[in-house]
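Working notes, structure below.
Every chain is numbered from 1 and lettered A, B, ... according to where its sequence line falls, protein lines coming before strand lines.
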There are 2 protein chains.
Amino acid sequence: MHHVDFKENSYRLIANIAKALGNAHRLELLELVSNGPKNVEELAKEARLSFANTSQHLQILKQLNLVKTKRVFTSIIYSVADTSIPLLLKYLHKTAYNQSLELKHTILDFRKQTGITSVEINDISDTNYILLDVRSESEFNFGHKKGAINIPYAIIDKSMNTLDKDKLIVAYCRGELCTFADKVVKHLQEAGFNAVRLKEIIMTKTG
Amino acid sequence: MHHVDFKENSYRLIANIAKALGNAHRLELLELVSNGPKNVEELAKEARLSFANTSQHLQILKQLNLVKTKRVFTSIIYSVADTSIPLLLKYLHKTAYNQSLELKHTILDFRKQTGITSVEINDISDTNYILLDVRSESEFNFGHKKGAINIPYAIIDKSMNTLDKDKLIVAYCRGELCTFADKVVKHLQEAGFNAVRLKEIIMTKTG
DNA sequence: ATACTATTCTATTATTCTATTGAATACTAT
DNA sequence: ATAGTATTCAATAGAATAATAGAATAGTAT
């Protein structure tokens, strides 16, 4: 192969991966499956898309080997194909946040509007905090931050009495654009807890 | 802003960055400017594109704040907007290499065909090797690996006599898809030098 | 001032991408 | 076997993207 064809072929193949990430819905779907395996119905609902459209986007991701499937009873379960993919998503978010003033302001304004404090793990002086994962039980079991406990968003009102009011509660969900943690923090604060939201780009196991 | 709009807006803005990388020519242009500032003419020539088309692609990259411009005499010089961008490109290459069998084989077959050995820095047992940067002088001056010396690809035949035949020569260029280093290694080997190519995804300063 | 030149803009065309709809498929459950 | 259901396929229309050619612009050089 001539070096010009080699270069053009290679760039085309790499660009194909970027192109797959270059659609807001596919990006969201890929992040959803990065948080744990899900079937098409769940993904369609979470991403607010039609069934058929979700399936089509997922097939594009599958064709590029970014997600993989397996059948479990009547459902096709999609999951992320490789652990390097969430890492790529993280750097994409980072660059977007750094280079797009509009994105930066969208995120900062939203957090400001909710009035909830976001902290990074390293910024927490209190060593005796509770790290609270508010995602679903299956997402928690698929992978979570070291030392975290799980109270899914949906049941926080019933289960918050198991939490210690004297400790700082640091809640997190799927990442920067997931708003489960924001809502949980608000509920906890209203119930008299000392709670903040973990500032993170994308959910990663170690932190 | 409602949390659904917040999410959709944010994903749209992040996807816009990915979309910019989702074109083989733009990807190549972005990597070219990551190696050092260049004017439109240079970029068009290197990427084998028409002048107008190059300009249009560059404007898309500029609009997304991935590249920046400045005028120097009669030319507009494009350069990469931020150091986080080459890092994103590196992870994109990595994921593409891992997930696309076709890309992996394209690269492996090309290197096999040239018959040139690729090594990683850590694999070199001989501590007394020469690290040779074969890019242009201006690219070298913009940033190079620690300890590297520069003999641009274009003048290797005239300048190879300054190199030591008793030392291992490890040549590198702009990265995995750049073939300058391959050609230089071949010339050096034919002239009786002991030369190999540095295996690297994207040119980074430290290594 | 004027010519020159590097770059960008405009208009056009061909191509690719996206969402929708309804039908088809492939598997499970009985 | 048959029914049921989750998912995918196929066709389509509209929107967005990409490349080309030629005109326009904005600066430098004389």
Side-chain angles (χ1 to χ4, degrees), chain A residues 4 8-9 11-30 32-33 37-79 81 138, chain B residues 4 7-9 11-30 32-33 37-79 138:
Chain A
V4 169
E8 295 196 343
N9 262 322
Y11 274 120
R12 183 179 49 77
L13 293 167
I14 299 166
N16 281 345
I17 301 284
K19 206 182 283 180
L21 309 183
N23 173 285
H25 296 311
R26 275 199 297 274
L27 203 52
E28 187 172 359
L29 290 170
L30 193 53
L32 284 167
V33 297
K38 289 172 185 62
N39 64 22
V40 183
E41 193 183 8
E42 262 181 285
L43 289 167
K45 197 183 159 195
E46 281 281 358
R48 307 160 306 282
L49 294 174
S50 77
F51 220 86
N53 196 203
T54 304
S55 175
Q56 279 171 19
H57 281 306
L58 288 170
Q59 279 166 80
I60 290 169
L61 293 174
K62 192 183 175 186
Q63 213 175 347
L64 288 160
N65 198 28
L66 295 174
V67 301
K68 58 188 178 188
T69 56
K70 72 172 179 190
R71 178 175 279 273
V72 175
F73 302 108
T74 61
S75 287
I76 308 281
I77 309 288
Y78 279 83
S79 50
S138 74
Chain B
V4 170
K7 193 184 271 190
E8 295 196 342
N9 262 322
Y11 274 119
R12 184 179 49 78
L13 293 167
I14 299 166
N16 281 344
I17 301 285
K19 206 182 284 179
L21 310 182
N23 174 284
H25 296 312
R26 275 200 298 274
L27 204 52
E28 186 172 1
L29 290 169
L30 193 54
L32 284 167
V33 296
K38 290 171 183 64
N39 65 22
V40 182
E41 194 183 6
E42 261 181 286
L43 290 167
K45 196 183 159 196
E46 282 279 359
R48 305 159 308 280
L49 294 173
S50 76
F51 219 87
N53 195 203
T54 303
S55 174
Q56 280 170 18
H57 281 307
L58 288 169
Q59 278 165 80
I60 290 169
L61 293 174
K62 192 182 176 187
Q63 211 174 349
L64 288 160
N65 199 28
L66 296 173
V67 302
K68 57 189 179 187
T69 57
K70 71 171 181 191
R71 178 175 280 272
V72 175
F73 301 108
T74 62
S75 287
I76 308 281
I77 308 287
Y78 279 83
S79 51
S138 74

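The line from CD1 of B:I60 to CG of B:L29 is 10.5 Å long, rounded to the nearest 0.5 Å. Here A:L21 contributes atom CG and A:L66 contributes atom CG; the two are 6.5 Å apart, rounded to the nearest 0.5 Å.
OP1 and OP2 of C:dC17 both lie 4.0 Å or more from every side-chain N or O belonging to A:H57. Phosphate contact (OP1/OP2 of D:dA18, side-chain N/O of B:N53, threshold under 4.0 Å): absent. Proximity of A:K19 to the phosphate of C:dT16: no side-chain N or O atom is located under 4.0 Å from OP1 or OP2. The phosphate of C:dT18 (OP1 or OP2) has a side-chain N or O of A:N23 nearer than 4.0 angstrom.
Each of B:L43, B:V40, B:T54 was evaluated against B:L49; a single residue qualifies, B:T54, per the side chain to side chain contact (heavy atoms under 4.5 Å, CB included) test. The only option from A:R26, A:H25, A:K62 that meets the side-chain hydrogen bond (donor to acceptor under 3.5 Å, both in side chains) definition with A:H57 turns out to be A:R26.
A 3.5 Å limit on both hydrogen-bonding distances identifies C:dA1 as the Watson-Crick or G-U partner of D:dT30. Pair check for D:dG4 finds C:dC27; Watson-Crick or G-U wobble, both atom distances under 3.5 Å.
A straight line from CG of A:L29 to P of D:dT7 spans 13 Å, rounded to a whole angstrom. Rounded to whole Å, the distance from CG on B:L58 to P on C:dA6 is 16 Å. Summarising the geometry, the separation between CZ on B:F51 and C1' on D:dA23 is reported as 15 Å, rounded to the nearest angstrom. Between the NZ atom of A:K62 and the C1' atom of D:dT8 there is a distance of 11 Å, given to the nearest Å.
We find that B:R48 and B:E28 are joined by a salt bridge, their nearest charged nitrogen and carboxylate oxygen being less than 4.0 Å apart. No salt bridge links A:E46 with A:K38; every basic N to acidic carboxylate O contact stays at or beyond 4.0 Å.
Here B:E41 lies in heavy-atom contact (under 4.0 Å) with sugar-phosphate atoms only.
Taking only distance into account, the side chain of A:Q56 meets the base of C:dT20 through a donor-acceptor pair shorter than 3.5 Å.
Near DNA chain D, meaning a heavy atom under 4.0 Å away, the residues from residues 67-78 of chain B are B:R71, B:F73, B:T74.
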